[in-house]
K.L.:
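Dropping the structure in here first, questions after.
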2 protein chains.
Amino acid sequence: MTDQTVPTTAAGEAATARGEQTRQLILETAMRLFRERGYARTTMRAIATEAGVAVGNAYYYFQSKEHLIQEFYARTQTEHRAAAQPVLDRESDFAARLAGVLHAGIDVLTPSHEFAASFFKTAAEPTSPLSPFSAESSGPREASIDLYAEVLTGSTAKVDAELRPQLPELLWLAYMGVVLFWVYDRSPGQTRTRRLIDGAVPLVDRLVKLSRLRVLRPVTQQVVSLIHTLRH
Amino acid sequence: MTDQTVPTTAAGEAATARGEQTRQLILETAMRLFRERGYARTTMRAIATEAGVAVGNAYYYFQSKEHLIQEFYARTQTEHRAAAQPVLDRESDFAARLAGVLHAGIDVLTPSHEFAASFFKTAAEPTSPLSPFSAESSGPREASIDLYAEVLTGSTAKVDAELRPQLPELLWLAYMGVVLFWVYDRSPGQTRTRRLIDGAVPLVDRLVKLSRLRVLRPVTQQVVSLIHTLRH
DNA sequence: GCCCCATCTTGAACGCGTTCAACTTGATGG
DNA sequence: CCATCAAGTTGAACGCGTTCAAGATGGGGC
């Protein structure tokens, strides 16, 4: 805990130091091997050997094997944003924007399905820096939440005023749910996940719009108040 | 894969063979050490030593360190059922029954919070036999779903006819969500999880009752149809 | 030209989960 | 009483992630 040891330059730092090349070399090698053999079957020794460095050297740049994955997060998030941009530029309907962004996320993840499943256990541990809720993952997480804020702000949807500020984070949470479903999805090409998105988005769209309705306002307020309670 | 090797008698089997005592001894020792030191810090060597057997002997009875946990599932489920019984006998109101059962679940889990957090990563892996969705966990899972069927059948709540058959599994899924929240809950005594239950139950109660309402019937049908789609 | 020293690199060593060939035990039946 | 053999038990050995004391490198001040 609390060992902010010396170098291990955080993800996208400037880091003009000599070793930056080595860092990139190790990272590229690791990513390639992870994709080729899966996370568990890729050993640190293999990464080091293929990169032409000593095992210990990999640990100079990355605190652990798990930390090599953090780069995967950052890249995935960047790709997700890029893949979602056309939809955000084109659509103004809330449901269309949300579905587009969710599908874009799965598009980006699809090539890594096997790899993602094998390292998912690591990310799931509450104490892990790789947990999507951890402080270490706050960068990609906030970028991702921003994406859902944009889904909302760029849309023509009218949303209950109290619910609106909470919605981006709720949508991100729903996205986490979709990813969870996707990780467990064993159907060929993860078509079930696609069906989940196509089925759930109109539902969310409907509920969001109904949130302003007389009968449902108490429910909406109950939801918002629960969120506030849980945030402390 | 597919190595249904010789003995390793499944959880609650008859198993009158000689080694049954040793099996229980190893299991009790493991459970004690897991609780005392946490999962990660308990080594197989320590379990073996404290139980007075050789390391290999533990592997004669349990395929892996992870498999020692499966017993924990079965026990937790049994205790949950027992702890929930008074509430099921006493209450007839749906919300009261649901809240009672959920709180009973967390009551039972509370002493093992640290341990649960440390082995959660293992259970989260899609391919793991410990995953709550796996075939190996079907026993405890179905027992747990039955519990939520009973929450519903013993209650006076009137539920949409199409939604009703899906509800026990949905409630179980919600319970999984509560457990997930609980695992990540770092607040002292996991009071946030308690607040989640107390906040979410009235909400679920309200939604279930509203499910029969004119305005919401389409939404209800949409939910049911989505469930059917995802089930194939 | 030389030394200094932060930066980078090395690989043997540690403790872990897991495996396995070899050994012991004790009920069975001749 | 002994031979048999499935059931149970052993601990050295393997490959893994990780650590760390020791060494190599090379730009900057003198």
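We name chains A, B, ... by the order of the sequence lines, and we start the count at 1 in each one. Computed from heavy atoms alone, side chains included, the values below leave out hydrogens, waters and symmetry copies.
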K.L.:
Quick check: on DNA chain D, is the nucleotide nearest A:T43 upstream (toward 5') of the one nearest A:G56, or the reverse? Name the residue that is more 5'.
P.N.:
A:T43

K.L.:
Would the distance check show the side chain of B:S131 and the main-chain N or O of B:A124 forming a donor-acceptor pair, the cut-off being under 3.5 Å?
P.N.:
no

K.L.:
When the ring planes of B:Y148 and B:Y175 are compared, do they come out parallel, tilted or perpendicular, using 30° and 60° as the limits?
P.N.:
tilted

K.L.:
Report yes if a side-chain nitrogen or oxygen of A:Y59 is closer than 4.0 Å to either non-bridging phosphate oxygen (OP1 or OP2) of D:dT18; otherwise report no.
P.N.:
yes

K.L.:
Rounded to whole angstrom units, what separation is found between the CD atom of B:E20 and the P atom of D:dT9?
P.N.:
11 Å

K.L.:
Does D:dT10 have OP1 or OP2 sitting under 4.0 Å from an N or O in the side chain of B:N57?
P.N.:
yes

K.L.:
Go nucleotide by nucleotide along DNA chain D from the 5' end; which of B:V53 and A:M44 gets its closest nucleotide reached first?
P.N.:
B:V53

K.L.:
Would you call A:R75 and A:E71 a salt bridge, using N to O less than 4.0 angstrom?
P.N.:
yes

K.L.:
Rounding to a whole Å, what distance do you find between A:I47:CD1 and D:dT18:P?
P.N.:
10 Å

K.L.:
Are A:T22 and C:dT9 close enough that a side-chain N or O sits under 4.0 Å from OP1 or OP2?
P.N.:
yes

K.L.:
Look at the side chain of A:Y61 and decide which nucleotide, out of C:dG17, C:dT9, D:dG17, has an atom nearest to it.
P.N.:
C:dT9

K.L.:
If each of B:Y39 and A:R45 is mapped to the nucleotide of DNA chain C with the nearest heavy atom, which maps nearer the 5' terminus, i.e. the 5' end?
P.N.:
A:R45

K.L.:
Find the distance B:Q63:CD to C:dT18:C1' and express it as a whole number of Å.
P.N.:
12 Å

K.L.:
Does D:dG8 have OP1 or OP2 sitting under 4.0 Å from an N or O in the side chain of B:Y60?
P.N.:
yes

K.L.:
Starting from P on D:dG15, measure out to CZ on A:R41 and report it in whole angstrom.
P.N.:
17 Å

K.L.:
Would you tabulate the side-chain donor-acceptor contacts of residues 107-115 of chain A under 3.5 Å, counting partners in other chains and residues two or more places apart, or write 'none'?
P.N.:
unit_1, atom_1, unit_2, atom_2, d
A:D107, OD1, A:R194, NH1, 3.1
A:D107, OD1, A:R194, NH2, 2.7
A:T110, OG1, A:I106, O, 2.7
A:S112, OG, A:R35, NH1, 3.2
A:H113, ND1, A:Q190, NE2, 3.3
A:H113, NE2, A:W182, O, 2.8
A:H113, NE2, A:D185, O, 3.4

